[in-house]
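Written below as structure tokens is the structure these notes are about.
Whatever order the structure lists ligands and atoms in, that order sets their numbers, starting from 1.
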Amino acid sequence: MTPRVAAIIAAGGRGARLGASVPKQLIEVGGKSILLRSVEAFVAHPEISEVVVVLPADLAADPPAYLSRLSRRVLVVAGGPRRQDSVANGFAAVSDQADLILVHDAARPFVSADLISRTIKAGADFGAALAALPSSDTVKLARADDERECPAVDRTLPREQVFLAQTPQAFSRDVLRAIVAAASGARVATDEAALAEAAGYPVRLVRGDPGNIKITTAGDLDAAQARAAAEERMRMRVGTGYDLHRLVEGRPLILGGVVVPFDKGLAGHSDADVLAHAVTDAILGASAQGDIGRHFPDTDPKWRGADSLMMLADAAALVREAGYAIENVDAVVIAERPKLLPHLDAIRSSLARTLSIDPGRVSVKGKTNEGVGELGRSEAMAVHAVALLSARAGTE
Ligand code: MG
């Protein structure tokens with residue numbers, strides 16, 4: 001039978017070791033608080049039915065608004081003086097139907113769905129389990145009560161038996177009830193598994209995740225920010241654009257805002273800048289914001305004879321407002337004549353200026369159609385464009 005799983009997110013402390021002015025759990029990493037990242041990981045997990053968040057009493061009385069905007073309701077309760085008291089308060093708020101309870105430290109905001117699943121499985125199989133990493137360092141046990149400066153080594157632990165505890169930790173309802181009862185005394189524990197061991201319950205280790213770091217020191221916070229920035233860069237969106245305009249006499253030929261000397265020009269409602277139009281569609285497409293026709297309809301007299309670079313600049317602003325940065329743009333202009341090569345640098349600079357990005361991020365190539373068809377007979381010009389966007393913090 002699949003267990004009903006509850007998660008307790010322990011965020012009852014303040015993280016004094018970080019030396020920040022706000023409680024540690026509210027510090028933002030990549031535009032999102034440590035607390036929200038941790039809570040979201042469990043709210044979004046398909047095997048978890050309920051989430052209880054334990055906050056310091058003052059925060060629990062006035063919790064951050066984002067906790068009420070999650071896809072699933074979370075229960076916020078006030079913590080106690082020690083971690084185990086906070087977990088006890090969280091456990092009291094867990095519903096009677098939950099038969100497996102995960103306890104996770106909010107200071108580990110990068111917990112993966114896979115690690116949560118593995119911990120649930122081991123907890124369901126064995127009654128008590130925790131994520132832990134095998135030690136890659138040799139571990140020395142210092143003598144108890146020895147001096148702090150240069151303590152004497154008592155012995156070296158066999159490395160293959162040494163594991164470093166992480167969270168989540170998973171307990172059956174019965175085990176957690178026993179732990180909570182045992183923890184009401186004077187004994188102070190840094191994790192719940194230690195209490196389970198002390199109470200005589202067998203506890204199993206689940207392969208942890210090196211990325212599941214605990215943010216304790218300023219150095220940890222720096223590492224977390226670097227990791228969030230790297231994840232950010234990975235959130236890319238690609239878009240494609242295409243446009244075609246007829247070539248007619250008596251109009252200037254405008255490509256990417258640059259007037260290219262030629263005996264014909266492109267026909268259209270605006271200045272018919274086929275390149276600007278295709279690039280506009282590519283960036284709008286990458287941010288899933290429709291196309292040029294939706295934002296700048298050719299039925300609107302406002303755009304008659306309009307400078308298409310204005311539309312491109314407007315589209316770039318829309319893309320930025322939606323939370324994206326333009327990484328690069330590449331376009332192919334299919335034109336039998338005139339030769340575009342002498343104009344490409346000016347066209348690239350013009351597009352880059354309009355998009356407010358470096359010209360090194362804009363590429364435009366000319367291509368003939370080998371004399372084939374309407375394009376080959378210079379009856380029309382067509383452009384294919386692609387754009388790559390990256391999502392900024394908090395966009396997705
Ligand atoms: Mg067009």
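Among pairs with a residue in residues 101-122, those fulfilling ring-ring contact (aromatic ring centres under 6.0 Å, His included) read F42-H104, at least two apart in sequence or across chains.
With respect to F91, the side chain to side chain contact (heavy atoms under 4.5 Å, CB included) criterion is satisfied by exactly one of V103, I101, V52, V77: I101.
H269 and T299 form no side-chain donor-acceptor contact under 3.5 Å, judged by distance and modelled atom types alone.
Among residues two or more places apart in sequence or in another chain, the salt bridge (Lys or Arg N to Asp or Glu O under 4.0 Å) test is passed with E50 by R4. Every salt bridge (Lys or Arg N to Asp or Glu O under 4.0 Å) that E379 has, sequence neighbours left out, goes to R377.
For the Mg ion (ligand 1), the set of protein N/O/S atoms nearer than 2.8 Å consists of D243 OD2, H245 NE2, H277 ND1, ordered by chain and number.
Considering all non-hydrogen atoms of both residues, A228 and V29 come closest at CB-CG1, 3.6 Å.
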